[in-house]
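Worksheet for the structure shown next.
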Amino acid sequence: MDWPDKWVRAPAWRAGAVSRTPRAGSWLVPCDVRTAPFAERAARRSLRGVLVLAVATAAAGALAGCSAGYGSSSQRYPTGTPYPAAVSHPTAAEQAATLRATEGYRRLLLTNAERLSSLLGTLSRDAGSGRLAAAQRDELAAQDAYDVLRADVATDSATADQLDGERWSVGASPFGGLHAIEAALWGHGACPVAHRLATALELQALLAGFVFYRMILTPDHILADAQSQLAWTVGVAVAGREEQFSHHDLVDVVSAVGAARSAFELVAPLGRLVATTTTAAVAARFAALGRVLSGLGPPASVVDNAIPASTWRAIATDTDAINAPLGDLSGLVAGFGSGRTYA
């Protein structure tokens with residue numbers, strides 16, 4: 001069916017919506033916020049369009065009300081100077097960098113929501129055909145995609161329980177979602193169970209994308225997500241508390257750190273304009289951690305006990321060390337808004 005324009009097009013922002021006055025001698029940047037293709041592709045899926053729309057609307061309201069992740073790390077690292085004076089008079093370059101960061105991050109979330117749904121479909125087919133090894137690879141790939149979304153799916157929400165069983169991983173409730181699939185495949189070799197669970201989760205992943213499509217994002221929100229990803233990496237994945245059946249926690253470490261780095265790199269152009277030294281420090285620490293992780297080999301091929309305890313400790317230390325300067329940078333870009341108001 002054809003979706004109404006209001007569901008597949010970004011809102012048209014009026015000049016009267018501009019909330020900040022450009023610095024004298026600058027100009028408003030003409031930014032064309034292109035329609036994200038997610039909703040159009042979703043409508044073509046073999047789902048009942050009206051049902052998806054209705055459930056998506058309800059899911060958006062429920063999830064948006066509690067999409068906080070593992071807490072805003074920017075509040076735990078309140079260093080730096082928040083709301084610099086220049087924010088109220090952004091230059092043309094700052095306006096453009098802000099919009100590129102927020103729309104780029106939205107695109108990252110949408111792409112991985114769709115990727116997760118697609119991988120769950122592949123997992124369902126492989127498990128349904130009894131291909132255990134292929135289904136196990138699919139499960140690890142699906143976990144990789146979910147890890148990118150983790151910071152924007154509240155850990156206490158029904159969505160987190162349905163998709164990942166997140167609260168079980170930190171000991172608060174029975175597991176479900178991807179972890180139930182993990183248990184079926186790696187713990188029991190039960191392809192029929194994995195097939196049933198993956199089929200049900202495919203729609204849930206699709207619905208999550210609608211929430212990300214309409215989310216209001218700002219540079220400091222993006223960096224807070226990055227901090228949340230890093231804090232979760234140290235507290236859960238490095239500790240071996242995430243993949244308790246497959247014991248492939250390196251998949252989650254690499255995915256979460258990669259998601260945090262991608263979030264930072266989207267904000268980095270703005271950061272280089274307003275906080276050059278801090279931005280360079282964060283980039284250097286991410287690069288150093290990336291070299292350590294890439295030296296461990298393909299994550300899906302490395303089991304936890306193949307990595308020495310000293311290496312796990314070094315990964316935790318290096319990961320945690322990024323959060324302090326990242327918090328500084330979050331404070332320095334905190335007043336730049338969503339970027340859409342500059343368009």
Side-chain angles (χ1 to χ4, degrees), residues 38 41-48 51-52 55-56 59 63 108-150 152-153 155 157-169 174-212 236-237 241-256 258-259 298-304:
F38 177 84
R41 286 196 295 266
R44 299 190 192 104
R45 299 291 298 276
S46 56
L47 300 170
R48 294 181 180 176
L51 175 61
V52 171
V55 179
L63 180 57
L108 177 70
L109 295 175
L110 291 172
T111 298
N112 279 277
E114 187 172 18
R115 177 172 165 247
L116 175 59
S117 181
S118 176
L119 285 167
L120 285 167
T122 302
L123 196 165
S124 175
R125 290 189 294 274
D126 284 337
S129 299
R131 294 190 290 267
L132 178 61
Q136 289 175 333
R137 289 192 297 271
D138 297 337
E139 190 275 328
L140 292 176
Q143 187 67 60
D144 172 86
Y146 177 79
D147 286 337
V148 179
L149 312 177
R150 182 183 305 281
D152 281 289
V153 177
T155 58
S157 72
T159 303
D161 281 343
Q162 290 166 344
L163 289 180
D164 192 51
E166 180 63 53
R167 288 187 289 177
W168 164 77
S169 70
F175 68 88
L178 286 170
H179 286 307
I181 296 175
E182 178 198 359
L185 293 174
W186 300 88
H188 308 289
C191 281
V193 175
H195 165 70
R196 175 176 54 79
L197 292 170
T199 301
L201 285 181
E202 186 178 0
L203 174 60
Q204 296 300 325
L206 187 67
L207 295 181
F210 284 92
V211 178
F212 303 136
V236 179
R241 300 168 63 194
E242 180 68 0
E243 307 298 335
Q244 297 191 22
F245 294 93
S246 71
H247 304 293
H248 280 283
D249 285 282
L250 186 60
V251 168
D252 298 286
V253 172
V254 171
S255 297
S301 302
V302 182
V303 295
D304 293 350

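Starting from 1, each residue takes its place in the sequence as its number.
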Which residues pass the side-chain hydrogen bond (donor to acceptor under 3.5 Å, both in side chains) test with Asp126, sequence neighbours left out? Arg131

Find the distance between NE2 (His188) and CZ (Phe245) and round it off to the nearest 0.5 Å. 6.0 Å

When rounded to the nearest 0.5 angstrom, what is the spacing between OG1 in Thr111 and CG in Leu116? 12.5 Å

If you take all heavy atoms of Asp249 and Ala237, which pair is closest and at what distance? CB-O, 3.4 Å

Rounded to the nearest 0.5 Å, how far does CG of Leu140 lie from CG of Leu119? 11.0 Å

Backbone of Leu120 reached by a side-chain donor or acceptor of Ser124 within 3.5 Å: no

Which heavy atom of Ala184 sits nearest a heavy atom of Val193, and at what distance? CB-CG1, 4.0 Å

Please confirm whether the backbone N or O of Leu178 pairs with a side-chain atom of Gln143, one donor and one acceptor, at under 3.5 Å? no

Lys/Arg-Asp/Glu bridge criterion (N-O < 4.0 Å) met for Asp144, Arg115: yes

Heavy-atom distance under 4.5 Å between the side chains of Asn112 and Phe212, does that happen here? no

Between Ala256 and Asp147, the two heavy atoms sitting closest are N-CB, 4.4 Å

Can you check whether Trp186 reaches Glu243 side chain to side chain, under 4.5 Å on heavy atoms? no

Main-chain N/O of Gln244 paired to Glu182 side chain as donor or acceptor, under 3.5 Å: yes

Which atoms form the tightest heavy-atom contact between Leu197 and Ala180, and what is the distance? CD1-CB, 3.7 Å

Between NE2 of His195 and CZ of Arg125, what distance do you get to the nearest 0.5 Å? 10.5 Å

Between CZ on residue Arg137 and OG on residue Ser301, distance to nearest 0.5 Å: 10.0 Å

Shortest non-hydrogen contact from Ile181 toward Ala194: CG2-CB, 4.1 Å

His248 side chain vs Val302 backbone, donor-acceptor pair below 3.5 Å: yes

Donor-acceptor under 3.5 Å (Ser118 side chain, Glu114 main chain): no

Heavy-atom pair of closest approach, residues Asp252 and Arg150: OD1-NH2, 4.1 Å

Nearest-0.5 Å distance that lies between atom OG1 in Thr122 and atom CD in Glu139: 13.5 Å

Below 4.5 Å, heavy atoms only, C-beta onward: do Asp138 and Leu185 meet side chain to side chain? no

